[in-house]
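Take a look at the structure below.
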Amino acid sequence: MNNSSFSKPSAPPPPPVSEPSGNTGFFDSPRQSNNGGKPIWSLDYYATYFDVDTSQVLNRCLKSMYPVGDYATDTLNNQPDLYGPFWIATTVIFAVFVCSSLAGSLAAYIAGKSHVYDFTILSSALFIVYMYAFLCPTLVWASTKYFGCQPSLMEIINYYGYGLTIWIPVSLLCIIPYDYARWAFVGVAFAITSVFLVKNLYIVISRADAKTSRIILLAILGAHAIFALILKMSFYSYDYVKELPVDTTDPK
């Protein structure tokens, strides 16, 4: 009897390993695999970036104020979104406007003066906050992309967008009519968000050479400091000088 008839059948060959594509797309995000090859200018392309629930957004907001661990991996789970950054930036705009108006009226009341509401504050806040939330990360992405750091635009937008969360409670606290306290609140917010941005962006920036990394990092911190100072000087400063009553009696 031929023993070969009782031999075990050979295992099928393993499937070929697919090579990763060198084209990671415009946003360089894993969510792109779910867009079905839709063109970037179509609304359907961005649908997956708004596929988050409230609990995820709240968790990402809270973790941005407690910068521990790798935010992209531990909190975003490598699935960044556009819903949170957009609505947080919009909420900051209205918080800045409402709280600035309330604080201005309170300061005027203490000084015994009338207060006129300035609705140009809303348009100024809209321009400044949206520029910071979306233009700054785009510039950071472009510069790191140029130096071959392989950044993800969506993740950087999430760092800046969710990093704005802390300015919502700061806007409420800055209603307090004490300028030293307002400077302290802005300073704390600046320090926390600086640590959050540097901690997460340095993972990308460090892929460039040391000199380039330092220049990009200083530029990021400089832009962030300018943003914090603009918020303080334009929206969190509302002091009225209380006029002393004029003595009209005849000194004779």
Side-chain angles (χ1 to χ4, degrees), residues 54 57-58 60-67 81-140 156-198 219-244:
T54 305
V57 173
L58 291 176
R60 295 176 179 188
C61 289
L62 294 175
K63 291 294 181 64
S64 70
M65 295 187 288
Y66 186 66
D81 68 280
L82 282 173
Y83 180 87
F86 173 77
W87 282 112
I88 291 166
T90 305
T91 304
V92 170
I93 291 168
F94 282 96
V96 165
F97 170 69
V98 172
C99 295
S100 179
S101 300
L102 288 175
S105 62
L106 177 62
Y109 174 78
I110 294 174
K113 294 184 176 183
S114 60
H115 177 71
V116 178
Y117 290 97
D118 185 6
F119 287 94
T120 60
I121 295 176
L122 180 59
S123 58
S124 299
L126 188 147
F127 176 77
I128 292 169
V129 174
Y130 278 152
M131 286 279 286
Y132 175 82
F134 297 104
L135 180 61
C136 281
T138 303
L139 293 176
V140 172
I156 297 176
I157 289 176
N158 275 233
Y159 298 152
Y160 276 85
Y162 283 108
L164 288 169
T165 303
I166 197 170
W167 295 106
I168 298 174
V170 166
S171 297
L172 294 171
L173 291 172
C174 282
I175 297 177
I176 297 174
Y178 298 102
D179 198 47
Y180 291 116
R182 294 195 292 263
W183 274 110
F185 296 142
V186 171
V188 170
F190 168 76
I192 292 175
T193 49
S194 295
V195 172
F196 175 72
L197 288 175
V198 171
I220 291 171
L221 290 175
H224 186 54
I226 292 172
F227 175 72
L229 286 174
I230 290 175
L231 288 182
K232 173 62 182 72
M233 304 306 295
S234 300
F235 307 111
Y236 302 146
S237 295
Y238 16 71
D239 291 326
Y240 286 88
V241 178
K242 188 173 183 179
E243 295 181 352
L244 297 175

Kindly write out the residues that satisfy side-chain hydrogen bond (donor to acceptor under 3.5 Å, both in side chains) with [X], not counting sequence neighbours, or none if the list is empty.
{"X": "Tyr159", "result": "none"}
{"X": "Thr54", "result": "none"}
{"X": "Tyr160", "result": "none"}
{"X": "Ser64", "result": "none"}

What's the separation between atom [atom1] in [X] and atom [atom2] in [Y], rounded to the nearest 0.5 Å?
{"X": "Ile220", "Y": "Cys136", "atom1": "CD1", "atom2": "SG", "result": "9.5 Å"}
{"X": "Ile128", "Y": "Ile121", "atom1": "CD1", "atom2": "CD1", "result": "10.5 Å"}
{"X": "Ser101", "Y": "Leu106", "atom1": "OG", "atom2": "CG", "result": "12.5 Å"}
{"X": "Thr165", "Y": "Arg60", "atom1": "OG1", "atom2": "CZ", "result": "12.0 Å"}
{"X": "Tyr236", "Y": "Arg182", "atom1": "OH", "atom2": "CZ", "result": "11.0 Å"}
{"X": "Trp167", "Y": "Phe190", "atom1": "CH2", "atom2": "CZ", "result": "8.5 Å"}

Worksheet entry | ring-ring contact (aromatic ring centres under 6.0 Å, His included) partners of Phe196, counting only residues at least two apart |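 Applying ring-ring contact (aromatic ring centres under 6.0 Å, His included) to Phe196 gives Tyr71.
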
Worksheet item: Taking only residues two or more places apart in sequence, or in another chain, which ones meet Phe185 in a ring-ring contact (aromatic ring centres under 6.0 Å, His included)?
Response: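 If we apply the ring-ring contact (aromatic ring centres under 6.0 Å, His included) test to Phe185, skipping adjacent residues, there are no hits.
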
Mind listing the closest non-hydrogen atom pair of [X] and [Y] along with its distance?
{"X": "Ala103", "Y": "Ile175", "value": "CB-CA, 3.8 Å"}
{"X": "Leu102", "Y": "Ser105", "value": "O-OG, 2.7 Å"}
{"X": "Ala133", "Y": "Pro137", "value": "O-CG, 3.0 Å"}

Worksheet item: Would Phe127 and Met131 count as a side chain to side chain contact (heavy atoms under 4.5 Å, CB included) if you check the C-alpha gap in whole Å, the side-chain angles of each, and the deciding distance to 0.1 Å?
Response: CA-CA 6 Å; Phe127 176 77; Met131 286 279 286; 3.9 Å; yes

Using the test side chain to side chain contact (heavy atoms under 4.5 Å, CB included), find all partners of [X] that sit at least two apart in sequence or belong to another chain.
{"X": "Leu62", "answer": "Met65"}
{"X": "Val198", "answer": "Leu217, Leu221"}
{"X": "Leu139", "answer": "Leu135"}

Worksheet item: Between the main-chain N or O of Leu231 and the side-chain N or O of Ser234, is there a donor-acceptor pair closer than 3.5 Å?
Response: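 Absent.
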
Discussion item. Please enumerate all residues that pass salt bridge (charged side-chain N to carboxylate O under 4.0 Å, His left out) together with Lys232, with sequence neighbours excluded.
Written reply: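 Lys232 satisfies salt bridge (charged side-chain N to carboxylate O under 4.0 Å, His left out) with Asp179 once adjacent residues are dropped.
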
Worksheet item: Is the closest side-chain heavy-atom distance between Tyr132 and Leu164 below 4.5 Å?
Response: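 Yes, at least one pair of side-chain atoms sits under 4.5 Å.
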
Show me the donor-acceptor pairs, under 3.5 Å and distance only, between side chains in residues 84-100 and residues at least two apart or in other chains.
| from | atom 1 | to | atom 2 | distance (Å) |
| --- | --- | --- | --- | --- |
| Thr90 | OG1 | Phe86 | O | 2.8 |
| Thr90 | OG1 | Tyr130 | OH | 2.6 |
| Thr91 | OG1 | Trp87 | O | 2.6 |
| Ser100 | OG | Phe235 | O | 3.1 |

Item to complete: Keeping to residues at least two apart or across chains, list the side-chain hydrogen bond (donor to acceptor under 3.5 Å, both in side chains) pairs with something in residues 184-197.
Response: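 Non-adjacent pairs meeting side-chain hydrogen bond (donor to acceptor under 3.5 Å, both in side chains): Thr193-His224.
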
Worksheet entry | Intermediate values then yes/no, side chain to side chain contact (heavy atoms under 4.5 Å, CB included), Val57 and Tyr162 | CA-CA 9 Å; Val57 173; Tyr162 283 108; 4.0 Å; yes

